There are 2 protein chains.
Amino acid sequence: MSVGIRDVARAAGVSTATVSRALGRGPVSDAVREQVEAAVRATGYRPNLSARRLRSKAAQTIGLIVADIRNPFFTAVSRAVEDAAYAAGLRVILCNTDEDPAREALYLRLMEEERVTGVIFAPTKTTADALTADSLAFPTVFIDRSGLPGAHDSVVLDNVAAAAALVDHLAAQGFSRIGGLFGSTSSTARERQAGYEAAMARHGLAPLIRSVAPNAAAAEAESARWLGQPDRPEALILSNGLILMGAVRAARTLGLGVPRDLALAGFDNEPWTDLVEPGLTVIEQPVAEIGAQAMRLLFERIESPDQPVRKVVLSGRTVLRGSTRRVA
Amino acid sequence: MSVGIRDVARAAGVSTATVSRALGRGPVSDAVREQVEAAVRATGYRPNLSARRLRSKAAQTIGLIVADIRNPFFTAVSRAVEDAAYAAGLRVILCNTDEDPAREALYLRLMEEERVTGVIFAPTKTTADALTADSLAFPTVFIDRSGLPGAHDSVVLDNVAAAAALVDHLAAQGFSRIGGLFGSTSSTARERQAGYEAAMARHGLAPLIRSVAPNAAAAEAESARWLGQPDRPEALILSNGLILMGAVRAARTLGLGVPRDLALAGFDNEPWTDLVEPGLTVIEQPVAEIGAQAMRLLFERIESPDQPVRKVVLSGRTVLRGSTRRVA
DNA sequence: CTGAAAGCGCTTACAG
DNA sequence: CTGAAAGCGCTTACAG
């Protein structure tokens, strides 16, 4: 029924070992290689990847575990990862945890069972804090988020500097009641919060902090509560694109004009942020670079398992738009 | 080094066959099952999925091949597919073709080599038209797009009706120079174009049609050329969310007010479409339902390979917003 | 309910 | 460069 390597061998008049070599990079004569290729075409043979992986003990697979595939940041990063992986002849298993530690555990177990070559992972803070250098059975690079210091290779944004840049800009525009709404699940949100706090202190301003599940619906609800209060902030910093969207919706619903009644600045230069009036000031992350660097670190870790742990910190770019312009 | 089923068997004092049964749904005594589970915990055993798949000839895997993962429509559908798959104990391989027939061929081949249980596929028109009922070695459900009539199960929108609804609305608002910008790669764009043409004819209006690669950059460029002409349309229908975004950008750049200088209506109720002023009129697709129905068709096809081909046609919902309001 | 044995479809030393 | 044979780590008839 299904055609296997034996059928190809028979058709080509060679052994299965030779077929295997001809299809891989083994040493075979040109004449034999052509015979084998003809036999493959004639039989419609497709190698069984499960058998190949089992025997060769090389899964040729990398796992990509992201926190939320609806977040364009992760879609963009994952495209960069996939491009690099397929260019290197590796397949990608994409997993989506929804910021849920239970699902993270599930997928990490799956990675073990797949015997993956390596993993790129954006963990929740809960999971990251529990993972020591030797808790993972495969080479792993953290992305967007870091874990215990020195435990894992990682590629992250300079979150402290980026958040501070937003505060500096708002302060320079004359805003002083600057609030910060940060995600509750990631080390990255904490770092952005720390950068915010440090910068606020530097400007002699009192910090106004709330945290929220990093999705648009939760952010909208929390923003609406906050902005509905009489002593509401006059400017808001939002720690990612989803939270930024939630805040924009809340401002709309409450009838707050941006930036007249409320200035807005956030993270992630998503395609819609320059389309909503008057344009949203954001930190743009080098998404393609993050994905590419993560793959580079992963490949190098696979090559040299014992090399020191590395952390690549990339700078964000501040994109100034109308949402933070001081209205006289 | 790595712990295998033999190590577990030894630790539990049973045969490997018994371990295999205890881990699966084989008949084993409760006492033995507990011993085995204890041995699994003690040894840290993780089954090798490649070996399991090879031996059992059940990949427990479905392939999901989408045209563009940057398109939120496909991200949304893929989440629905994944939820259903993981609930059924199946893994998902997600592939992204970028509307490129060469990449589609590559991934279809990969699906064969993985011996997948089934595939959900959003093909380009080029590939769809080349795929007869028996050209695929695995059960397949087309999604968002259909192929040769009766060749494959599919879940699609009622594209003709949806496009007509947009034309009807614009015509009712008094617009007559209504243009249509459609994607160039999918059967779906063609159907939307057909619905547009029929409705225009019904209203006694002359069709104005252009087509473009279905991405924001190409759509922006084409829209800018079109809208820069003196006899430009006074209203535009855009065949998906990416093209809609491109058109919005072009209108911005040209300084055309919406809807004063240009009315805009499109497909896909993406989160940003109600945020850009004055809100964009769109057809909302039942994305979760599309994913869930596709999985249902796929499961039923796997169950009953010889049942008749089915096509599920879902209705879109017209969401009216300011972008199509007639300004006196 | 349990075990011994065969075998899924490949690749890879080992010889030649 | 090529072939015969072993074996990757499981599951599954086949017996009992």
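Just so we're on the same page: letters track the sequence lines, and every chain starts at 1. Treat the numbers as computed from the prediction; the structure is a model and nothing was measured.
Here the side chain of A:Thr188 pairs no donor or acceptor atom with the backbone of A:Ser186 at under 3.5 angstrom.
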Q. Reading nucleotides 8-16 of chain D from the 5' end, what letters show protein touch, with B for base, S for backbone sugar-phosphate only, - for no heavy atom under 4.0 Å?
A. BBBBBB---

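Using atom P as the reference point in both D:dA5 and D:dC1, the two lie 23 Å apart (nearest Å). On the P atoms, D:dT2 is 23 Å away from D:dA6, given to the nearest whole Å.
Residues satisfying the ring pair (Phe, Tyr, Trp, His ring centres under 6.0 Å) test with B:Phe74, not counting sequence neighbours, are none. Checked against ring pair (Phe, Tyr, Trp, His ring centres under 6.0 Å), A:Phe73 has no partners two or more places apart in sequence or in another chain.
Residues A:Ala294 and A:Val141 share a closest heavy-atom pair of O-CG2, 3.9 Å.
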Q: List the steps and the verdict of side-chain hydrogen bond (donor to acceptor under 3.5 Å, both in side chains) for B:Thr124 and B:Glu104.
A: CA-CA 8 Å; B:Thr124 60; B:Glu104 290 179 313; 2.7 Å; yes

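Nucleotide D:dC14 has C:dG3 as its partner under the Watson-Crick or G-U criteria, with both atom distances under 3.5 Å.
Distance CZ (A:Arg33) to P (D:dC1): 9 Å, rounded to an integer number of Å.
Remark: A:Asp98 engages A:Arg70 in a salt bridge, criterion side-chain N to carboxylate O under 4.0 Å.
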